[in-house]
Every structure is written in structure tokens, then in C-alpha cells.
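Notes for the one structure printed next.
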Amino acid sequence: MERYNFKIVEEKWQEKWLKLGAFKSKIDHSKEKFYCLEMFPYPSGKIHMGHVRNYTIGDVLSRYKSLQGYNVMHPMGWDAFGMPAENAARENNLDPKEWTNKNISTMKGQLKKLGLSIDWDREISTCSEQYYKHQQLFFLELYEKGLVYRKENYVNWDPIDQTVLANEQVIDGKGWRSGAVVERKKLNQWFFNISKFSQELLDGLDDLKQWPNKVKVMQKNWIGKSFGCEIVFKTEGDLPVKEIKCFTTRPDTLFGLSFLALSVDHEISKYFQNDTKFQEFKKECSKTGTTEEAIAIGEKIGFKTNLKAFNPLNPDQKVPVFFANFVLMDYGFGAVFGCPAHDQRDFEFAKKYNLNIKTVVKPDDENDDFTVRDEAYSGPGVLINSEFLNKLKAPNESIIKTIDILEDRKIGKKKINFRLKDWGVSRQRYWGCPIPMAYDKEGKVISIPKKDLPVKLPENVNLNSKGNPLDAEKDWKKIIINGKNYTRETDTLDTFVCSSWYYLRFCSSKNLEYGYKQEEIDYWMPVDQYIGGVEHAILHLLYSRFFMKALGYKNDNFKFKEPFKGLFTQGMVCHETYKDQNNNWLSPEEIELVGNEYYIKGNLNDKVKVGPSESMSKSKKNVIDPENIIKNYGADAVRLFILSDSPPEKDVQWSEQGMIASYKFLQKLWILHNKIKEKIQSDNKNSGNNEALQKFTNQMIKKITNNLNGFNYNVIIANIYEMYNFLSKEIEKKIDSEILKDCYKKILILLSPPIPHFAAECMEDLNLDKDLKWPKINTKLLEDQKIDYVVQINGKKRAILNESRDIDQDTLMSIIRSNKLSEKYLKNKSINKIIFVKNRLINLLVNE
RNA sequence: GGGCGAGUGGCGGAAUUGGUAGACGCGUUGGUCUUAGGAACCAAUAGUGCAAGCUGUGAAGGUUCGAGUCCUUUCUCGCCUACCA
């Protein structure tokens, strides 16, 4: 017998699968479809362990579903637009397209080595014209439907790089690259009207039964629906301002009014443009907003105006109007009324500026003279000090009643407010999908005619120019439409747009006319199982959901409400971190273990400081390169390990020892396979006790099937070890060769989702590779086993009796009475009560 | 501050959802075979006891014949979110 040579075996099967077209998918209405999709990677250079984990999980599922007889589609593509390409290209003086395509081919090769069951015929790349031309058409369609518009909006502006920064690129108020203090600048930008679908996006969550609750809660919070009321406050003062509109969820506390607070960006701020004190205050406000801790501590500061506002329910009451740092412009109306007694922020503000604090809600167990002292009271209770609102139950009854009154008096309106804002899709970048729009001399917008799509990215652009490189492409910018001169839009689309519909494209990846083909999405959509990192819980997954609704808007042919029927979010791959004595990060390759301590390789004087296990990242140098690992141990061993150590939804700790153990296990499994082979070929008929093997196999079919259905992939690996442990003992006994063959074939099928090359090789070796179907559970075999009955005396386990299934209480009792148990525990005692659980246990309650 | 989730051996983690706690793996210990072992194989491995046994799932209560699992209180940790009126 030869050692198991993973290199030869894995290459052989990968070639064979390719030649057979084993993973090609096409519409087949006689079969139930299963669309399995993992989040497609950004082609950054090489695959990392996170990809290995993500795609292994998806591959196990795809292969399992195939064996179950589903018509599986399991495609792969590239999220190929984005800044890293632009940055890398700039640094190395390359074309972003070249850089990207090179990475794609490297990573594709690496993914192939993992033995993934991917239909590569459907491969797409978002940076190809073939892809983005359809995206441009979608953009125009949404524009026609009124779901796309242009408006001025604030952006993070880096004055040195002359570019817009995403929020995550602003670190402590400075640009991540230039280090310049980031400015807020107003720019004209394109927006998708996602907020139009706020309610739908919220309601849709209820139908997503196969989504993790966590993600649904995150989206729900992000959409942020709140029920309340807008209230108009009349004002007086030296400004031409007659009234201020506020949004509140607690109109019932209006008698506790103490002040109005406005955002520094509120339209009234225009009267303070030349007020240096106000401008200073505004600056101060933007400073406090930068660090997270500052927000957490959140000192409330205000700027008092000369305006006074009248309480709409009590016109005798006049309160001051402030600008305040804790009021956001883009929520509600950028203005709130302050009720310090029942809102902690208002409370802190009132304390600081010595404003009136009037209690208008008392807890149920307090008297009417209850007053708020050290902190605001926001719990339930009863209204007090509120004239005609007194005695109403807060919050429900009192809110509804107050809104009714305000509406009657025409000073307020019921209002539902969403936190979700429209999606700004303009990016001042080169490496993205061009926005198919143009402007005339007056700045009026015109769509690029659909027949002229795609608007192609120009090539050989100078990426080192300041600002948006496309803006510097004078020739490219010029365009003639209907004989008139126009200037192209130079912004490109946020790359999240590309990933908002790619799952549709996979269904019709080669369709030239349109982004998808109706009959193909009708068959394949929705994605049955989507798998990816939880970091996309909000943006990507919400944008994709929006995109489906936008495509279906005013389009009856498009009937899918949700893109992803099932969602699974896998955990990250972690590794210990290492530092030298000077606190420089060290990679695992730079160190060695001597005794119990780590040292820098070849240097016993330099001890290494071992840090906590953290998600693998280049900056901490705690990365393990999958390519080396696959080369050293093989794809099956890597797949086995990456699945084995933790539940897939949790983080997993990379361990070299664990990896080696998986590798060794496959070697052991190969030895076992050869023993089984010998036994099968020895052709001994009707010998031995075969029942145990049959029952065990059947139990394993049940366990593994259940664990696959429940995504307990780590337990499946444990089950595989169990099978090994059992078989390696059982094989020493006498077994009928036909029964062994039958059982072993089933077991090999069970092995094939996680370790496909190995399983295929073993099947072929025994000529068992025909007619592969996921084995069925034989309920008969489960039924007639004997049962370990637990015998408890007064709730304590005293014995385990192995007896027939389905025996009744009396039979079990008579067995117990004839057992030595009764001598020990039941002699001279009376049994008060017997609890009997069929096929499980019996509990005897006796007098002590 | 708000939301979500989790606490089980030295470690990663199992437990048919209220019914034998610790499956499976790593590590450790002992042994066998080897020139050698950081290879392979065998055995042990929650704690405590010579043993029968007793104690054990972050802590304290409770429900139950029976609780890792359900309820109440509490502590710790992780993740997400950020003044949302």
C-alpha cells in the first residue's frame, strides 16, 4: 500500500471534474433548484484564510445539495472595482485593470486548488464592460422611475489629496493617507432613493425566516423607524423666523418644555454666518464629534439665540432657543424641544445652562408631588402638571391622546420617522463604474442614450493628478448628444452598487442584451443560501434588498421581493499575535518554539511576546498563507481543519497542530480504506455480526444529515472521526463483504462534501463511484436497537440497563427488581412514585 | 448610553432542545516499538477519594421526579451601534 498522495489525487480529481463539467449548471425544470452563493471576493492579490473558510462552507453545502438531487448552481465572480486597485496602480505605475486581472487569475488558480464545486462558466467580473454596461442601464432605468436624484450633500473632503473620503478613511478627523485635517464640503452627488422603501425593507425582514436574528435586528435598528409627531413652535425675536418645526416621539411631555435646540446646520444658522462666536461654537461642535469616546461622554454644549419659542399647548410659556451640539441635522427636522425631566440629554443640557426642569411624568408608585432630581425619568407612569393631559397613562395612552389634541388644534401632525437616509452613490474615483450622465453648459442633466452604453472608462489615465482622475480627462469628458455639446459626469458609482445585483447576473452571466434573462432569474432566484461575513450585515445586504425592490418598482415582470432566502454569516479566522522586545509585530514564520517559550528563529536570546488571538490581518502579521498550507497538506486536509475546530458562525482559531492532526488523520483514513478494501475483496459471505455496522452506519447518516441541515459543520467532522474510530475496531471482526461494501459506500458519500477528493478517490478505488445519492435513513434500523435505560433513584443515576426498545414501565420494573440494584437501593424501602420516560429513563422515588 | 450574544475540563468545543454532562479533536501523562522521536501504536485524562461514593456547566435563588438547557436576580466577557429627539 502506498501512502496517500494528496498532490496526485487532488490534481487528478480537479482535472477530472473540469473535464466532466461536473459543476456546470443549467435550467432543468424536472429538478428542484438550489442556488448557493458565497460573497464574491475583492481581488486583492491572494486568497486569505477567511476566503478558505467561507468557500469551504459553501462548497460543503453545494456538494451535499447536489447529492441530495438538487439542481445546484454555485457560481463565483469578482468584486473587482475599488480603491485598492487605484492605489496599487498609482504606487507601481500600473494600469488598475492589469493589476486587477492579474490578481483575479492568481486567486482563481488558488480557489481551484481548493477543489471547490464552482461553475466557472458563470464567472463574472464587475470591472468588465460586459458587466457594468448593464449596471449603467439599471441606473438609467431607476432614474426614469424617479429613484435616482442629484442633490448637494456634505462629504469628507481631504484638501491635500483633493478627494472625498469615506467615513472609515477618516481617522481622528484626519485623512488616512495624507494626514490632513478633513473638511466638510458640500458637493453635488447622485443618490438612490432607498428611504422610499424604508417601510418595505423593514416589513420584508419578517419574511426572512432563514436569516440570523442578529442581522435582522441590525438592519431594523439601521432603518430606525420611530413613531411620533411633528410640532410647530411659534417664535418671536430679532430674526425673520416665525416658527420652528420639531420631531418628537414624546409629545405628551410638552408641558415639561424648557427650551428648543437646533442643529448647527439648521437653516436658521444662515443668519449667524457672520457671527464669529457662533462660527467658533460650530467648530467646537465638529471637534467633539470625531472620536467615539467623546460621543460616549458627550458633553452637551449650546449657543443661545435671541429667539423665544412659545409652547403650543400653553402660549403663556416662552422658552429660549439654542443651537446645540447633540442635535443632528439629518434626523427629523434638525430641531428638538427640550424636556429635561424626561430626557437625559435635555437634562444634562438644562443643568449646564440652568434651565427650568419641570416634572410631567411620575412613576406609578409615586405621589403627584414627585420631582425629577439627579437624572431624567424616562420610564412609564402617569402625567402630572400637564393641565388637561393629567392622569393619562404614559407613554402609550398619553402620546396618542396628545397627538390627537395637537392635530385638532392644527399645531402638530402624526409622523413616522426613519433613520435610514438615501444612499449617496457618487465617488470621485477612477476605478469604478462610470455614471451614464452628462451636463450641458448650464449644468442641466441629461442621460446618456441607452444605445451608447456602456460609457467606458478611458484607458491610460494619469492617476497621479489631484482629485478625480476622470475630471482631468479632457477629451473623454466631451460628448455630443443629438448634435449638442455636453460634459460627462466624472464621478463613478460606489462599488456597493456592483455587488447589489451580481447575484442576478450569475443567472444569466452571458446574456448580452440585458443584466438578466427573465426566464433564468425566474428559475434560479432567489439565492437559497447566501454565505459571508457578518461585516456586511447592514450595507451590502440592505443595498441588495433595496436593489430588488427598485428593479421591481413599476415592473410587474420582476416579482422577487428578497434576493437572499437564507443567510449564513461565518466567523473570522484568528491567530495568536507575536511581538519582539521592541513591540514590533512578528509573523508566525519568524518565530520558533523552544521548550515552552517562543523565540525569534535561530536566536535564543530574543524572547517573543505572545499576544491574544485576533482575526488575521496583515498589519498584525498574524496571517497564514493558504497557498503554503494547501501545498504542504493538501486541500482536503485544510478543508477538514477549517471546519473542525469551531462552529462555522463563530471565530475559529488557526492552529498548526490542528492542521497537522487533520493531515495525519487523512493518512490514517487511507490506511483504514485499504484494510476495508482488502476485506471487501476477500469476499467472505454471511459471516460475522453485521448488525452493528449497519446500525452504526445508519445512525451516522442520521447524525450527519441533521448536522448538515443545522450548519453544525464542526460536529460533522467529529462524526467523521467517530466513524473512523468505530470502523477501525469493527474491521478487525468478521463482516460480510457485501454488507461492508454497502455500508462503506454510504460512508464515503457522507465524507464527500467536506473531503471530496479523498472520498472520490476511495470510491473509484472500489468501483463504488456510480449512482451516487445521499443515503437515506433506514428508520427500521434505528427502531430495533436496544436502548440504554437510565435508572434513577430519587433523581440520581444509579445504573444503566441495556434493554429492548419500547418496553413498558412494568417490564422495566421487573427487570430492575431482579437486578442487584434492588438489593442495594430498594431493600426495605417503599416506592412512592415512578417516573417512566419511554425509551429513555425511569426514576424511582423512594423513602430514605 | 442602547442593542445582540456568550459563560461547560489545561484548550477548541459536544450534549437528540427538560432526561447518562464533557462526544470529537488538541494538549498532557504513562506504556510498546525504534539508533533516535517532535513518527506510529496502546492506555489514561473534570475535581476529590484506596474504594463504594461525593462534588461539579460564571454566582445566588426558584420551578420540576429531574435543569448546562426554563424563570428571577447578579457578575464577567465578546460583538454591533453611537447624542435618532
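Reminder, nothing fancy here: chain letters follow the sequence lines and each chain counts from 1.
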Counting only side-chain N and O atoms of K214(A), is one of them less than 4.0 Å from OP1 or OP2 of C80(B)? no
Is any side-chain N or O of K300(A) closer than 4.0 Å to OP1 or OP2 of C83(B)? no
Separation of C11(B) atom P from E576(A) atom CD, nearest Å, is 14 Å
Can you tell me, in whole Å, how much space there is between the P of G9(B) and that of G56(B)? 14 Å
When rounded to the nearest Å, what value does the distance between C1' atoms of G27(B) and C80(B) take? 34 Å
Looking at Q344(A), does any N or O in its side chain come under 4.0 Å of the phosphate oxygens OP1/OP2 on G1(B)? no
Between A23(B) and A46(B), how many Å separate the two P atoms, rounded to a whole number? 8 Å
For residues 245-266 of chain A, which residue pairs pass the salt bridge (Lys or Arg N to Asp or Glu O under 4.0 Å) check, not counting sequence neighbours? R184(A)-D265(A), E230(A)-K245(A), R250(A)-D252(A), D265(A)-K282(A)
Centroid separation under 6.0 Å, is that true for the rings of F758(A) and Y4(A)? yes
Can you tell me, in whole Å, how much space there is between the P of A6(B) and that of G22(B)? 23 Å
Would you call the rings of Y663(A) and F6(A) parallel, tilted or perpendicular if under 30° counts as parallel and over 60° as perpendicular? perpendicular
Looking for any heavy atom pair under 4.0 Å, which part of the strands does K220(A) touch: base, sugar-phosphate only, or nothing? nothing
Do the side-chain N and O atoms of N417(A) and S226(A) include a donor-acceptor pair separated by under 3.5 angstrom? no
Pairs under 3.5 Å (N/O, protein and nucleotides 51-54 of chain B):
| unit_1 | atom_1 | unit_2 | atom_2 | d |
| --- | --- | --- | --- | --- |
| C54(B) | OP1 | R798(A) | NH2 | 3.3 |

Sequence neighbours left out, what pairs pass salt bridge (Lys or Arg N to Asp or Glu O under 4.0 Å) with at least one residue falling in residues 321-337 of chain A? D330(A)-K421(A)
Residue list, side-chain hydrogen bond (donor to acceptor under 3.5 Å, both in side chains) with N712(A), at least two apart or on another chain: N707(A)
Per the side-chain hydrogen bond (donor to acceptor under 3.5 Å, both in side chains) rule, what does the pair list look like for residues 211-221 of chain A, sequence neighbours excluded? Q219(A)-R545(A)
By the 4.0 Å heavy-atom rule, please label T249(A) as base, sugar-phosphate, or nothing. sugar-phosphate
Should G9(B) be called syn or anti, with syn set as within 90° of 0? syn
Just compare A85(B), G3(B), U81(B) and give me whichever is closest to any side-chain atom of R419(A). U81(B)
For the pair made of CZ in F347(A) and C1' in G1(B), what is the distance, rounded to whole Å? 16 Å
Can you pull out every salt bridge (Lys or Arg N to Asp or Glu O under 4.0 Å) where at least one residue sits in residues 700-714 of chain A? Sequence neighbours excluded, please. K703(A)-E722(A)
Between atom NZ in K833(A) and atom C1' in U64(B), what is the gap in whole Å? 10 Å
Classify V327(A) by what it touches in the nucleic acid, base, sugar-phosphate, or nothing, heavy-atom distance under 4.0 Å. base
What integer number of Å spans the C1' atoms of G18(B) and U63(B)? 12 Å
Whole-angstrom distance between G5(B) and G58(B), as gauged at atom C1': 16 Å
Counting N and O atoms only, with roles assigned by atom type, does the side chain of N698(A) sit under 3.5 Å from a partner on the main chain of N778(A), one being a donor and the other an acceptor? yes
Results of side-chain hydrogen bond (donor to acceptor under 3.5 Å, both in side chains) for Y353(A) - residues two or more places apart only: none
Check K351(A) with E348(A), please: is the shortest side-chain N to carboxylate O separation under 4.0 Å? no
Classified by glycosidic angle (syn within 90° of 0, else anti), U17(B) comes out syn
Aromatic contact between F323(A) and F281(A), with the criterion being ring centroids under 6.0 Å apart: yes or no? no
Please, what dot-bracket string fits RNA chain B when only Watson-Crick and G-U pairs with both distances under 3.5 Å count, crossing ones use [ ] and pairs to another strand use |? (((((((..(((......[....)))((((((.......))))))(((....)))..(((((..]....))))))))))))....
With no hydrogens and no angle check, is any side-chain donor or acceptor of H266(A) less than 3.5 Å from a backbone partner on A335(A)? no
Separation between the P atoms of G10(B) and C75(B), rounded to whole Å: 26 Å
Results of salt bridge (charged side-chain N to carboxylate O under 4.0 Å, His left out) for K664(A) - residues two or more places apart only: none
Atom-pair distance (CG on L262(A); P on A85(B)), nearest Å: 18 Å
Can you check nucleotides 42-46 of chain B for protein contacts, nitrogen or oxygen pairs under 3.5 Å, and list what you find?
none

Say you pick atom C1' in G68(B) and the same atom in U17(B); how far apart are they, in whole Å? 12 Å
Please enumerate all residues that pass salt bridge (charged side-chain N to carboxylate O under 4.0 Å, His left out) together with E614(A), with sequence neighbours excluded. K620(A)
Side-chain H-bond candidate by donor/acceptor type, N839(A) with D806(A), under 3.5 Å: yes
Letter per nucleotide, 5' to 3', of nucleotides 13-25 of chain B [B base touched, S only sugar-phosphate touched, - untouched; heavy atoms, 4.0 Å]: SS-B--BB--BSS
Starting the side chain at C-beta, find the nucleotide from G27(B), A85(B), C4(B) nearest to V217(A). C4(B)
